[in-house]
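Only one structure is covered here, and it is reproduced in the block below.
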Protein chains: 2
Amino acid sequence: MKLVVRNGEARRASRPGASRSSGLNGGLPLDSILQGDCIAELSRLPAHSVDLVFADPPYNLQLQGELKRPDDSRVDAVDDAWDKFESFQAYDAFTRAWLLAVRRVLKPTGTLWVIGSYHNIFRVGAMLQDLDFWILNDIVWRKTNPMPNFRGRRFTNAHETLIWAARDPGGKGYTFNYEAMKAANEDVQMRSDWLFPICSGHERLKDDDGHKVHPTQKPEALIARILLASSKPGDVVLDPFLGSGTTAAVAKRLGRHFVGIERDSTYAEAARARIDAVQPLPDAALASAPSAREAPRIAFASLIERGLIAPGTMLTDAKSRYRALVRADGTLSLETAPGLGTVGSIHRAGALAQGLDACNGWTFWHLETGEGLRPIDSLRAVVRSEMAMAAE
Amino acid sequence: MKLVVRNGEARRASRPGASRSSGLNGGLPLDSILQGDCIAELSRLPAHSVDLVFADPPYNLQLQGELKRPDDSRVDAVDDAWDKFESFQAYDAFTRAWLLAVRRVLKPTGTLWVIGSYHNIFRVGAMLQDLDFWILNDIVWRKTNPMPNFRGRRFTNAHETLIWAARDPGGKGYTFNYEAMKAANEDVQMRSDWLFPICSGHERLKDDDGHKVHPTQKPEALIARILLASSKPGDVVLDPFLGSGTTAAVAKRLGRHFVGIERDSTYAEAARARIDAVQPLPDAALASAPSAREAPRIAFASLIERGLIAPGTMLTDAKSRYRALVRADGTLSLETAPGLGTVGSIHRAGALAQGLDACNGWTFWHLETGEGLRPIDSLRAVVRSEMAMAAE
DNA sequence: CCCTATTTTGAATCCTTTG
DNA sequence: ACAAAGGATTCAAAATAGG
């Protein structure tokens, strides 16, 4: 029997536009929790319908009896039935099954995130590769406050590993919000090692007796970085092992749709209540950092058509080593190098001038103005802002 | 044909006592490089004779085409034949074969370290588990200066992964120098995430043309931490993929025996010359740190790891009344006071020397430089600024 | 010699759209 | 499908060059 727990808040919070509304979407039950076995539930969903999967599968911890702290108190370890497997073979078969099911529901441009520890992550990673997923990064979550090693027989296990993979070999077309990640990291590229505290305090779900609802609840900050890095507002995020609902709660807050699958009714119920209480961020707070890649393309010729630059104008590079003449059709003619191959696009001409294979002509070529040399890219910016004004 | 390259310096530097002398030891060719295929060479060695294996196998990078930097310069990729495999299956078969061969030569109490990237480490880790090795930790080497992601399509790949495993399930009896690691880490447990620069500068081996001898030479600081953490002086350290000889050079410096296996004659020859030039540290610099639970906080070891101060260096106070020897694990050994309790952190050693209860070792101990005595605190400032740069 | 500016380089699975 | 073209993209540290 399938129980679909719809989230009322998610519906109320939905914004206009088909891509942002909740509910059934081509057979995909948006913004809801499917209670049941993840492989069975995944197989009911339409193929190629999900943008991002985040999976926190059982770690298969294989703990050897109970662990005590130096003061003889007992460590509350993960000993739930769902984390037990008879053998590595059994764990591999389970991993293979859910990965294949995930693969089917993923869009061709979709990506998968999996988190694990050394107990299981090597098996998951190898299986991913065997199934022709394409690893994009492995990410290390460094914990600011890990559990110490009580016996003093190993290094403090202070991290967990995430794998980020595209659905298909050579994966192209996936979402990576490079500029946003860079901006969030002091304007240098975001690295593969992330630092976050473990989930505790108010964020940690507790039952009426004050016991933690789920033994391995992940911090929202970790999931938020994942969604902000590799999905867009309105995307569909699926979590096949929803647990306490962190993925869904963060997805809702960040204006992404979610589909959660959870077998355990206690977890599913706690997740539903948690998600209902989430207030989505306003659109303005979700606007992504401007991406040069996604900006509309402008043909150099259109600058001429708009009168921003006249045919016959001479362009130079920043150090005035090369010169090129602007022609009426939007091509450049190199002044210095005579003969064939001296005419071409701004990019081709820049490459030819320097003897390189490639060149971004927008930033290479400059125009003499009253205030000195300026890159022709500044003219492109003028066109883009004019287009933006006209569109409103 | 087997060529055994014996290292003369290693013989001359050897100390009295069977466990520290070089040469054939029950069939184990100590302190030498075996030139040949690692599986063939391993199978010739006596079983259960090695304490520690460090392995840096081919990563199977599977690079697609050439990559250029934004300035159009070409990235010098690892495209050597030894890194190419036909398929994951072929790589797995190779991995299985060398792991089994390593397993045979390891003592029952021996441990194995393997380093890799996401291209291969998941397969290595899964195979380790399949072969009944027992994973103790996975360790993340965070690079202070990784190569950036030039196309802005992924997170900067800023780390590599190491797996530390015992030979047998439930592994017992292995060496872990807990106290030394803790003392080297500001008196808190050493974590599973380590920060080191990549190998460059003077440490990087270059040929007569100034080209790097080996494309993937590892930093000595990384190997030193491994040997200091998980081996004892006099132990036998084996590297089945010796390459430029980092493992052997560090082992010799730290008073461990080494056995290196390398197929490529150019690499083997470069390694031999490198190892010959290594001066082993004096015994006094190697004795293990005392198990003092309440040792004072120090970060002194990081100066050693970063090469700002060499093990074996003599420190004095500002008026040159007391002297102490710097040891590889970051502790000091007082020269004047014989007997027990003369080894400890820089603070403890300073207090002991003066007969006081406490002492700030950073300002007490000085280093002779060309410009006179300088407090070691001036070196800490260097590390602090580096760490501040690397921290998030 | 020093100080500053520029160039080089490192285990990398590194693009997208149009025709 | 494939080929061609547009045009977007780098951080830390060491080595080298210039003043």
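Naming: A, B, ... by sequence-line order, numbering from 1 per chain. The basis for the numbers below is simple: all heavy atoms, side chains too, and nothing from hydrogens, waters or symmetry mates.
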Item to check | Donor-acceptor contact below 3.5 Å, side chain A:Asn177 vs main chain A:Ser231 | outcome: yes
*asked:* Using a strict threshold of under 4.0 Å (side-chain N to carboxylate O), is an ion pair present between A:Asp130 and B:Arg123?
replied: yes
*How would you label the contact of B:Pro197 with the nucleic acid (heavy atoms, under 4.0 Å): base, sugar-phosphate, or nothing?*
nothing
Out of C:dA11, C:dC14, C:dG10, minimum distance to the side chain of B:Asp83 belongs to C:dA11
The reported gap from CG in A:Leu52 to OG1 in A:Thr109 (rounded to nearest 0.5 angstrom) is 10.5 Å
Hey, does B:Asp72 reach any base, or is it just sugar-phosphate, or nothing, if we go heavy atoms under 4.0 Å?
-> nothing
Would you indicate what B:Asn60 reaches in the nucleic acid, counting non-hydrogen atoms under 4.0 angstrom: base, sugar-phosphate, or nothing?
-> nothing
Check your understanding: When the C1' atoms of C:dG10 and D:dA8 are considered, how many whole Å apart are they?
Key -> 22 Å
Rounded to whole Å, CZ of B:Arg153 lies from C1' of C:dC15 at a distance of 7 Å
With sequence neighbours left out, the residues meeting side chain to side chain contact (heavy atoms under 4.5 Å, CB included) with B:Arg74 are B:Glu66
Quiz item: Base, sugar-phosphate, or nothing for B:Pro57, non-hydrogen atoms under 4.0 angstrom?
Solution: base
Of the candidates C:dA11, C:dT16, C:dC14, the side chain of B:Gln64 sits closest to C:dC14
Atom CG of A:Asp138 and atom P of C:dA11 are separated, to the nearest Å, by 16 Å
Above 12 or not: heavy atoms from other molecules or residues under 6.0 Å from CG of B:Asp209?
yes
| request: Establish, from distance only, whether the side-chain atoms of B:His119 and B:Ser117 form a donor-acceptor pair under 3.5 Å. | output: yes
The contact string for nucleotides 14-19 of chain D, one letter per nucleotide 5' to 3', using protein heavy atoms under 4.0 Å with B, S and - for base, sugar-phosphate only and none, comes out as SS----
note: A:Glu294, atom CD; C:dT17, atom C1'; distance rounded to Å ~ 14 Å
A:Lys172 atom NZ is separated from C:dT17 atom P, nearest whole Å, by 12 Å
With distance as the sole test, does B:Arg142 use its side chain to make a donor-acceptor pair with the main-chain N or O of B:Ala158 at under 3.5 Å?
-> no
Sequence neighbours excluded, the answer for side chain to side chain contact (heavy atoms under 4.5 Å, CB included) partners of B:Asn60 is B:Gln62, B:Phe85, B:Phe88, B:Tyr91
Checklist entry - Does CZ belonging to B:Arg69 count more than 12 external heavy atoms closer than 6.0 Å? => result yes
DNA chain C in dot-bracket form (Watson-Crick or G-U pairs under 3.5 Å, [ ] crossing, | inter-strand) is .|||||||||....|||||
Taken to the nearest whole Å, CG/B:Leu63 to P/C:dG10 is 14 Å
task = Tell me what A:Leu136 touches on the nucleic acid: a base, only sugar-phosphate, or nothing, going by heavy atoms under 4.0 Å.
result = nothing
Taking atom C1' in both C:dC14 and D:dG7, compute the distance separating them and give it to the nearest angstrom. 15 Å
Handout entry: Below 4.0 Å: OP1/OP2 of C:dT8 and any side-chain N or O of B:Arg204
Key = no
Taken to the nearest whole Å, CZ/B:Arg154 to C1'/C:dA11 is 14 Å
Rounded to whole Å, the CZ-P distance (A:Phe176 to D:dT10) equals 11 Å
Review point. Looking across every strand, which nucleic acid part, if any, lies under 4.0 Å from A:Gly350 by heavy atom: base, sugar-phosphate, or nothing?
Key: nothing
For nucleotides 3-9 of chain D, 5' to 3', base contacts (B), sugar-phosphate-only contacts (S) and non-contacts (-) with protein non-hydrogen atoms under 4.0 Å give ---BBBB
- Query: Quick one: is C:dG10 close enough that its OP1 or OP2 comes under 4.0 Å of any side-chain N or O from B:Lys212?
  - Reply: yes
* Flag, side chain of A:Asp51 to backbone of A:Val236, donor-acceptor distance under 3.5 Å -> yes
### Message
Donor-acceptor pair, distance only, cut-off 3.5 Å: does the side chain of B:Lys218 make one with the backbone of B:Thr216?
### Response
yes
Closest to the 5' end of DNA chain C, once B:Pro215 and A:Lys319 are matched to their nearest nucleotides, is A:Lys319
B:Ile198 has its side chain closest, among C:dA11, C:dA12, D:dC11, to C:dA11
To the nearest angstrom, the NE2-C1' distance between B:His211 and C:dG10 comes to 15 Å
For B:Asn149, the side chain to side chain contact (heavy atoms under 4.5 Å, CB included) test, sequence neighbours excluded, returns A:Gln189, B:Arg151, B:Arg154
| query | Ignoring hydrogens and geometry, is there a side-chain-to-backbone donor-acceptor pair from A:Arg96 to A:Met127 under 3.5 Å? | reply | no
(message) Regarding B:Val75, tell me which of base, sugar-phosphate or nothing describes its non-hydrogen contacts under 4.0 Å with the strands shown.
(response) base
